[in-house]
S.K.: 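Once you've had a glance at the structure underneath, I'll fire off some questions.
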Amino acid sequence: MKTDITELLGIEYPIIQGGMAWVAEHRLAAAVSNAGGLGLIGAASAPAEIVKEEIRKCKELTDKPFGVNVMLLNPNADEVAKVIVEEGIKVVTTGAGNPAKYMPMWKEAGVKVIPVVASVALAKMMERGGADAVVAEGMESGGHIGYTTTMTLVPQVVDAVNIPVIAAGGIADGRGMVAAMALGACAVQMGTRFVVANESIVHENYKKKVIKASDIDSEVTGMSTGHPVRCLRNKMTRQYLELEKSGADFMELEKLTLGSLRNAVIDGDVVTGTVMAGQIAGLIKEEKSCKEIIEEIMEEAKSVKNNISL
Ligand code: TUI
């Protein structure tokens, strides 16, 4: 299947893996890339040295293109941005901020830059700054989110920019892919679906919680502090939301979630840890390999497309 994104990135299928903190490490990224999509290493809050190691390990597992996601709240983002150039990475996605200050360095090095945006305004700004494409991420997504749904954000971003748009948020199967393409996207980015992949190093408890989740099992914490984060409901979210309602200050809320994503992903603490996942978790019923996930989505997308009669 050829789209502007498969051509731009030199990949077989228009499917990109989200750059999820703690989850998107070299094994998952290599598996997605080997299956014909674009795998990403999520730099999250890691020091640049660790990101460099992850990149090198990924290169050992695949000779297909893969990218790095830079989380712009990372205090080590400046060093990570340089490692990307030094290691000859060809594709970067960014999240949780505006990557303008790294754009000249990356563009000069020939890196394809694809910022994740949650608004039309940022999409337009990124296009002016030289972005090669944007990921329009709706608030159905897991993790740090914006305020607009995928259904409303994607067509508005498509109309506002002249670069390829990748849809993210609430997509986990072929129906979602076709719907995103009907809105004008030329690829999809998926996070939650790949959390529950065989090659994902996420703790069993976390995977089981995603599989057990229904459509209404996620919550958004941090609306009051301007840092909305979607995760599955548990003791932590109940405490957090109660504290938020009672007007607790930012530091008190931060204390509750410090290290809590790592605790959930690595140690399997799904009770007091942060279990980031999108609203589409309810659709995910079993663990599969990245190859099976991607092939099934492509097959389903083809048959859905052929069955639409207008
Ligand atoms: O970045 C993400 N998702 C993430 S990052 C992350 S790690 C984290 N954990 C807790 C708190 C904060 C971060 C977990 N999930 N998605 C891409 C994304 N970017 N969603 C929303 C945005 C965004 C939001 C505001 C992008 C830009 C922005 O403001 C732009 C500006 O001008 O600063």
Side-chain angles (χ1 to χ4, degrees), residues 16-25 40-46 51 67-77 80 92-103 113-129 131 133-150 153-154 157 165-171 188-192 194-195 202 206 218-232 236-237 240 244 250-251 253-266 273-279 281:
I16 296 169
Q17 166 232 317
M20 302 163 282
W22 290 104
V23 178
E25 49 72 82
L40 289 179
I41 290 170
S45 303
V51 179
V68 173
N69 172 268
V70 180
M71 205 276 283
L72 295 161
L73 297 172
N74 182 355
N76 311 304
V80 171
V92 166
T93 67
T94 64
N98 182 342
K101 75 169 174 169
Y102 305 121
M103 220 56 136
V113 185
I114 309 184
V116 179
V117 301
S119 68
V120 167
L122 190 62
K124 286 164 86 168
M125 204 188 295
M126 294 298 95
E127 181 183 39
R128 279 200 301 275
V134 288
V135 177
E137 186 183 275
M139 53 102 73
E140 296 93 323
S141 304
H144 179 52
I145 53 173
Y147 300 93
T148 310
T149 61
T150 303
L153 181 66
V154 171
V157 171
V165 177
I166 299 156
I171 302 165
V188 295
Q189 178 187 278
M190 303 190 303
T192 308
F194 286 121
V195 166
V202 169
Y206 198 121
S218 74
E219 297 277 16
V220 180
T221 59
M223 276 288 190
S224 65
T225 60
H227 292 281
V229 171
R230 182 180 300 284
C231 44
L232 296 182
M236 184 284 292
T237 62
Y240 194 109
E244 240 187 312
F250 186 67
M251 289 318 287
L253 292 166
E254 279 290 282
K255 253 194 281 171
L256 201 61
T257 54
L258 195 69
S260 65
L261 178 62
R262 187 205 167 278
N263 295 345
V265 173
I266 308 295
T274 297
V275 186
M276 291 183 185
Q279 287 185 314

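As the structure lists them, so they are numbered: ligands from 1, and atoms in each ligand from 1.
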S.K.: Among protein heavy atoms, which lies nearest atom 11 (C) of ligand 1, and at what distance?
M.R.: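 Here the closest protein heavy atom is V229 CG2, 3.9 Å.
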S.K.: Among E137, M126, H144, find the residue that satisfies the side chain to side chain contact (heavy atoms under 4.5 Å, CB included) test when tested with V116.
M.R.: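 One option only clears the test, and that one is E137.
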S.K.: Do S45 and M71 touch side chain to side chain, with heavy atoms closer than 4.5 Å?
M.R.: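 Yes. Closest side-chain heavy atoms under 4.5 Å.
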S.K.: What's the shortest distance from atom 29 (O) of ligand 1 to any protein heavy atom, and which residue and atom give it?
M.R.: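 Checking every protein heavy atom, the shortest distance to atom 29 (O) of ligand 1 gives G97 CA, 4.2 Å.
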S.K.: Quick one: are L261 and M276 in side-chain contact, heavy atoms under 4.5 Å?
M.R.: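 In contact.
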S.K.: Counting non-hydrogen protein atoms only, what is the nearest one to atom 12 (C) of ligand 1? Give residue, atom name and distance.
M.R.: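 For atom 12 (C) of ligand 1, the nearest protein heavy atom is L73 CD1, 3.7 Å.
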S.K.: Which residue and atom name correspond to the protein heavy atom nearest atom 8 (C) of ligand 1, and how close is it?
M.R.: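 That would be M71 CE, 4.4 Å.
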S.K.: When you measure from atom 2 (C) of ligand 1 to the protein, is at least one non-hydrogen atom found at a distance under 4.0 Å?
M.R.: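 When distances to the protein are checked, atom 2 (C) of ligand 1 has a heavy atom within 4.0 Å.
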S.K.: Check ring pair (Phe, Tyr, Trp, His ring centres under 6.0 Å) between Y147 and all other residues, then give those that pass, not counting sequence neighbours.
M.R.: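 For Y147 there are no ring pair (Phe, Tyr, Trp, His ring centres under 6.0 Å) partners, ignoring immediate neighbours.
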S.K.: Is the closest N or O pair between I145 and ligand 1 shorter than 3.5 Å?
M.R.: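 Such a contact does not occur with ligand 1.
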S.K.: I need the contact type for L122 against ligand 1. Using non-hydrogen atoms and a strict under-4.0 Å cut-off, is it side chain, backbone, both or neither?
M.R.: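 For L122, the contact with ligand 1 is made by the side chain alone.
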S.K.: Do L72 and P99 have side-chain heavy atoms sitting under 4.5 Å apart?
M.R.: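 Yes, at least one pair of side-chain atoms sits under 4.5 Å.
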S.K.: Give me the nearest non-hydrogen protein atom to atom 9 (N) of ligand 1 as residue plus atom name, then the distance to 0.1 Å.
M.R.: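 Ranked first by proximity to atom 9 (N) of ligand 1 is M276 CE, 3.7 Å.
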S.K.: Looking at residues at least two apart in the chain, or sitting in another chain, which of them share a ring pair (Phe, Tyr, Trp, His ring centres under 6.0 Å) with Y206?
M.R.: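 Scan of Y206 (ring pair (Phe, Tyr, Trp, His ring centres under 6.0 Å), adjacent residues dropped) gives none.
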S.K.: Which residue supplies the protein heavy atom nearest to atom 6 (C) of ligand 1, what is that atom called, and how far is it?
M.R.: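 For atom 6 (C) of ligand 1, the nearest protein heavy atom comes out as H144 CB, 4.1 Å.
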S.K.: Considering non-hydrogen atoms of the protein only, which is the closest contact for atom 32 (O) of ligand 1, and what is the distance?
M.R.: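 So the nearest neighbour among protein heavy atoms is N98 CB, 4.0 Å.
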S.K.: Measure the shortest side-chain to side-chain distance between C231 and M236 over non-hydrogen atoms and say whether it is less than 4.5 angstrom.
M.R.: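 Yes, at least one pair of side-chain atoms sits under 4.5 Å.
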S.K.: Under a 4.0 Å heavy-atom limit, does M20 contact ligand 1 with its side chain, its backbone, both, or neither?
M.R.: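 For M20, no heavy atom sits under 4.0 Å from ligand 1.
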S.K.: Check E137 against ligand 1 and report side chain, backbone, both or neither, counting heavy atoms closer than 4.0 Å.
M.R.: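 E137 to ligand 1: side-chain contact only, backbone stays beyond 4.0 Å.
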S.K.: Can you tell me how far the CE atom of M223 sits from the CD1 atom of I145, to the nearest 0.5 Å?
M.R.: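 Going from the CE atom of M223 to the CD1 atom of I145 covers 5.5 Å.
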S.K.: Of the protein's non-hydrogen atoms, which lies at the shortest distance from atom 22 (C) of ligand 1, and what is that distance?
M.R.: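 Looking at atom 22 (C) of ligand 1, the protein heavy atom closest to it is A96 N, 3.8 Å.
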S.K.: Tell me whether ligand 1 is touched by V117 - counting only heavy atoms on the residue side and a distance under 4.0 Å.
M.R.: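 V117: no contact with ligand 1 (<4.0 Å).
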S.K.: Is a side-chain donor or acceptor of R262 paired with a backbone partner of W22 at a separation under 3.5 angstrom?
M.R.: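 No; judged by distance alone, with no hydrogens or angles, the pair does not exist.
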